[in-house]
Every structure is written in structure tokens, then in C-alpha cells.
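Labels below follow one simple rule: chain letters A, B, ... track the order of the sequence lines, proteins then strands, and each chain is numbered from 1.
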Amino acid sequence: MAEPTFRAPKGTRDILPPDSGRLRALIDEFAAAAGLRGFGEVVSPMFEDLGVFKRLGEETDVVTKEMFDFLDKGDPPQHLALRPELTASICRAYAEHRPVPPWKIWYEGPQFRYEQPQAGRYRQFTQVGVEVLGADDPQVDVDVISLGWDFYRTLGLRQVELVINSMGDASCRPQYMAALTDHLVGHRSDLSPQSQVTLDRNPLRILDSKRDEDQAVIAAAPSMVDYLNEECSVHFEEVRAGLDALGIPYSMSPRLVRGFDYYTKTVFEFVGDALGGSQNAVGGGGRYDRLVEDLGGPPTAGIGFALGVDRILLACDAEGVFPGPATAVSVFVVDVTGGGHALDVCTRLREAGIGADRAYGGRSMKAQMKVADRSGAPFAAIIGEDEVAAGEVTLRDLRGEAGQRRVALDDLVRDVRALTTN
RNA sequence: GUGGGCGUAGCUCAGUUGGUUAGAGCGCCUGGUUGUGGUCCAGGAGGUCGGGGGUUCGAAUCCCCUCGUUCACCCCA
């Protein structure tokens, strides 16, 4: 392959038709699902002060080594970073604008992490997500989780599984951490070298290690749910009861700890079973009752999730669902008189709200018919000298058995409507 | 960031132990008598074999570097 002068930067890609149409349709689907449940959209900046993201946790890889950060041209310069996720931005916006709680919002857009790219893992990737700020009612957790669950079902995905856990809060997590650390330190020599390093930095991280050597130690480790205090325990029970009431299946995993330090109480992940490899998390989220405060806002409970659009589409491919939208072009105009009449006919159709396209460059009828076929349009409107003389066009059915017939130019819109509405 | 696989036309891939003008299928373009696509037939365009360096009389085939991609770890969506 001849090397082009420029190519999309490492870990980024161009999304072209028809994939881009599919992406758009997926986001529209999510917008509809969120809107139906009373969520409003927030469009926030693509970059923030670096400090906004640092609050996500000093032990979080996304913060410590995966940030696209830079200095602006100010004096003194401001240290900014492309957003690696959106929860922090939303919390920053909440602290800044103080909307009336509960604040139910959804978002969509690209996010950036400086990682080694892999299938389903990009340096620029798209997420859709929701956040609810200002309500710690477990019913909110249920509402949020069910929105995610329903969304996957709407797309047609059947092999997505829900996994949940509880991380406790500031009063019970320390006791669990002590017990976990005791256990891990006691088996330090049984852990992989990498996990032994992790142990000193953030013991919780070892729980989702995928290395075989670690599995026995992890399996014997204490579970957070056994250390939950009364409040957290009741909260978790109510979340589970709510999911049960909705008939949403889930499994509990004491190993589900998530990568951000800010989570409290409920955490959950949607796993795409149809995706091989490690990039099988198609969505995840949890409750974060301290984050808004950490960003300078009032004490505010929060919960939300982010769904990886790129991975969801890979999962759709794997399951053979969500093919994407059909063409919006209903009529492809074939004009063998030079093209001037195609201009007129297309305009008539478009002004009536009927999708219309045409060929350019005065190509042969055969060539234009091929383009018409490829366009996916259900009908072709053919214009030759005969039609022009009679003030008509030949309307041809490209997909069915209706054949073709001549119609008066002034009746074209009416006839196309009749054919496309039944 | 660490380690392994891969990188030949727009796409999916063949290219034998290094040896003459690098191939196929799909796609694209043009035709198959004078206005008709989706089937069929015939032509055609399109590649300095990711890039750079080296070994050799000679390299897509061997070596080194580099870039990209992919898999695992890590992390996460």
C-alpha cells in the first residue's frame, strides 16, 4: 500500500459511512431512552483544568498516566487536559451551576486516554452515559441500571450480562481494606510479581487481576459485602430488590471494584459476552457520594454510568444485531438528457420532504441505473427525451415487483408518497 | 509502559527453498448495437509488496531500525 502523507493518529480512526450512520443511530437511540426517563442532555467542554480530573483519584491509572494534558498560551499558562471521562466534568458543572437536585442528565461524546490501542480500546473513543446528582435513594440506582440494561436490549443485544457489587462507604470500607490487606500480605509470595507491587500501592486493584497466579489468593480474599455497615447493607439490599422486581438478571461479584477511586456503595458493569478478549466491558458505573464535594461543591450524592459506544457496536457485530439505518433516499433520479431535469425533479421531491439523489457527469443510463441500485433507494425516476416531451417521468420500482410506469411530473410527489407509505 | 503475532491492489488474501514484466476473488470503470440496475460475458484502470537501512549478482521473500495494527499484561468503555 502506498503510504499516505498523513494518517489518523495512533489509536484514532475515521468513522465513515455506513458505520457513521450506525453510530449516529445508536446515540439517537440512547437520547430517546434517556429522554423518556426524564434525563436532559449536558454538553460540556472537551477539555478541563487538569485539577478536575485529578480528583478522580491519585491511584487511578486514567489520571496518573493516561491523560492527554497540555499548557495553554495564557500567562501564567493553565494546565489543561482532554477529558478522559465525563463524570468529573458533570460534577464540576454541578458545583458551578448548582441546578436543583435531583439533576438527571445524559451525555455523549468523545473522550481521550493515552493508552496502548487494542481492539475496542482507542485513544479517542465515544461514550454515552447518564448521571444523577443529589439523590442517594436506592431507587435511583435501580432506575439508572435499568436504563443501561434496557438500552442494550433495545439494540438487540442478548449476550450482555450485568454484574454488581457494593464498595461500602467511608465508615465501613477502611475495615474491609484492612482485612483485605491482611489477607493479601499474608499470601504475598503467592502473588504475581506485578501484583506484589500493586499491593503496596492499591490492594483493591489486585482483585481484578487476570493473571492466573493471582486467582487462588483472590478467590480466598474477603468480600466487601461482608463488611458493609448497616446503611450500606440496607442500601444494597434495596437496589437488589429493585432489580429483582424489574426482572433484570444480574450476578454479584465481590471482585468487581472498578478503576476509579471515587466509587461508593453500588458499582456495576455490563459485560459483553460475545466479545472475546479483555475488552469485554461494554459499560460500567456506580455511585460516588463524595465526588461533588471533592470538586468544591456541596455534599451531593451521585450515581451514573458510561457505555462504550465503540465496544457496543463491536458487540452488535458479534451478535449480528443493530444493522444501522437504511438510506434516507427514496428516489434516485436518472436523467439521460444532460442532468438539468434531474436538478428540477430532485428539487421538487426534496421540497416535499422526500429524499432524492441523482448521478452526475452525464453518464450512460446503464451506469446511472447501477448507481441508483447501489444507493439503496427503493425507486428510480427516469428522465429521457420522451418523458421531457410529455412532461412525465418514468417511475420504476427497484426493490419490488411493481415494475415501472409513466407519471406526470406534477403527480410525482403524490405518487411517490402513495408508494412509500403502504 | 512490558512482551508476542501481523503489515502484498479500495477490501479479503495467494505468492513455492530469495531468481525473469507481482497474482486471484470482491469492488470500481467501459462495453455486450441505438433509453434500464440487481444475474451473466468480455475488456480496463489500480500496487515503487507500510517506511528507512543492510546482506546478495539478484529480496515481497533474509537481518536491523521505525511506523501502524493486533493479542496478552496493565487499565478501562
Please write out each protein N/O paired with an N/O of nucleotides 42-45 of chain B under 3.5 Å, distance rounded to 0.1 Å.
none

Between A:R287 and A:Y263, is NZ or CZ placed under 6.0 angstrom from the six-membered ring centre and within 45° of the ring axis? no

Measure from the side-chain N and O atoms of A:Q196 to the backbone N and O of A:R188, and report whether any donor-acceptor pair falls under 3.5 Å. yes

Is the phosphate of B:rC74, meaning OP1 or OP2, less than 4.0 Å from a side-chain N or O of A:R211? yes

May I ask you to decide if A:A301's main-chain N or O and A:D289's side chain share a donor-acceptor pair within less than 3.5 Å? no

Have a look at A:F270 and say if it touches a base, only the backbone sugar-phosphate, or nothing, with a 4.0 Å heavy-atom cut-off. nothing

Return the residues of residues 20-32 of chain A meeting this criterion: a heavy atom under 4.0 Å from some atom of RNA chain B. Order them by number, or give none. none

Would you mind reading off the distance between A:K10 atom NZ and B:rG68 atom C1', rounded to a whole angstrom? 8 Å

Taking the C1' atom in each of B:rU30 and B:rU70, what is the distance between them to the nearest angstrom? 39 Å

Under 4.0 Å between any heavy atoms, over every strand shown, what does A:S192 touch: base, sugar-phosphate, or nothing? Just pick one. nothing

When the P atoms of B:rC11 and B:rU2 are compared, how many Å lie between them, rounded to an integer? 30 Å

Any side-chain heavy atom of A:D226 within less than 4.5 Å of one from A:Y176? no

For A:G11, which contact category applies under a 4.0 Å heavy-atom criterion: base, sugar-phosphate, or nothing? sugar-phosphate

Heavy-atom distance under 4.5 Å between the side chains of A:L147 and A:V130, does that happen here? yes

So which one's nearest nucleotide on RNA chain B is more toward 5', A:G283 or A:S364? A:S364

Rounded to whole angstrom, note down the P distance from B:rC71 over to B:rC29. 34 Å

Can you check the A:Y263 OH to B:rC75 C1' distance for me, whole Å? 13 Å

P gap between B:rG7 and B:rC26, integer Å: 24 Å

Any strand is fair game: report the nucleotide pairing with B:rG44 by Watson-Crick or G-U wobble, both distances under 3.5 Å, or none. B:rC28

Atom-pair distance (CZ on A:R113; P on B:rC75), nearest Å: 13 Å

The criterion is side-chain hydrogen bond (donor to acceptor under 3.5 Å, both in side chains); which residues satisfy it with A:Y262, sequence neighbours excluded? A:E85

Under 3.5 Å for both donor-acceptor distances, Watson-Crick or wobble: does B:rU21 have a partner, and if so which one? none

Identify, residue by residue, the members of residues 145-168 of chain A with a heavy atom below 4.0 Å from RNA chain B, and return them in order of residue number, or none. none

Select one nucleotide: of B:rU69, B:rC71, B:rA77, the one nearest the side-chain heavy atoms of A:D310. B:rA77

Same-atom distance (P) from B:rG3 to B:rA45, integer angstrom: 47 Å

In the structure shown, which nucleotide is the Watson-Crick or G-U wobble counterpart of B:rC6, with both distances under 3.5 Å? B:rG68

Side-chain N or O of A:R121 versus OP1/OP2 of B:rA77: is the shortest distance under 4.0 Å? no

Test the A:R123-A:Y114 pair against the cation-pi criterion, namely NZ or CZ under 6.0 angstrom from the six-membered ring centroid and within 45° of the ring axis. yes

Check the distance between B:rC75's C1' and A:R311's CZ and give it to me in whole angstrom. 9 Å

Checking A:R399 side chain against A:A377 main chain: does a donor-acceptor pair fall under 3.5 Å? yes

Which value, in whole Å, describes the distance between the P atoms of nucleotides B:rA72 and B:rA60? 34 Å

Roughly how many Å apart are B:rC67 and B:rG52, using the P atom of each and rounding to a whole number? 15 Å

Counting Watson-Crick and G-U wobble pairs only, both distances under 3.5 Å, name the nucleotide matched with B:rC73, or none. B:rG1

What is the distance, rounded to the nearest whole Å, between atom CZ of A:R205 and atom P of B:rC73? 15 Å

ring-ring contact (aromatic ring centres under 6.0 Å, His included) pairs, two or more places apart, involving residues 313-346 of chain A: none

Under-4.0 Å salt bridge between A:D19 and A:R13: no

Does A:M167 reach the side chain of A:R258, with side-chain heavy atoms less than 4.5 Å apart? no

Side chain A:D14, main chain A:L16, donor-acceptor under 3.5 Å: no

Give one of base, sugar-phosphate or nothing for A:A372, where a contact means two heavy atoms less than 4.0 Å apart. nothing

Out of curiosity, A:S146 OG to A:Q139 CD, how far, rounded to the nearest 0.5 Å? 10.0 Å

By nearest nucleotide on RNA chain B, pick out whichever of A:E269 and A:D214 is the more 5' one. A:D214

Is A:G120 touching bases, backbone alone, or none of the nucleic acid, heavy atoms closer than 4.0 Å? base

Got a donor-acceptor contact below 3.5 angstrom from the A:D208 side chain to the A:R255 backbone? no

Taking the side chain as everything from C-beta on, heavy atoms only, tell me whether A:W149 gets closer than 4.5 Å to A:L162. yes

Give a yes or no on whether a donor-acceptor pair under 3.5 Å exists between the nucleobase atoms of B:rA72, that is its base, and the side chain of A:Q116. no

Heavy-atom side-chain contact between A:R83 and A:F68 under 4.5 Å: no

Per-nt protein contacts along nucleotides 32-38 of chain B (heavy atom under 4.0 Å; B base, S backbone sugar-phosphate only, - none) come out as B--BBBS

Distance check, P atoms only: B:rC13 and B:rU55, in whole angstrom units. 34 Å

Please examine the side chains of A:S195 and A:R211, heavy atoms only from C-beta on, and report whether any two atoms are closer than 4.5 Å. yes

Applying a 4.0 Å non-hydrogen cut-off, can you work out what A:R13 is touching in the nucleic acid: base, sugar-phosphate, or nothing? nothing

Out of B:rC67, B:rC73, B:rC71, minimum distance to the side chain of A:R7 belongs to B:rC67

If I take atom CD in residue A:E115 and atom P in nucleotide B:rU2, what distance separates them, rounded to the nearest angstrom? 15 Å

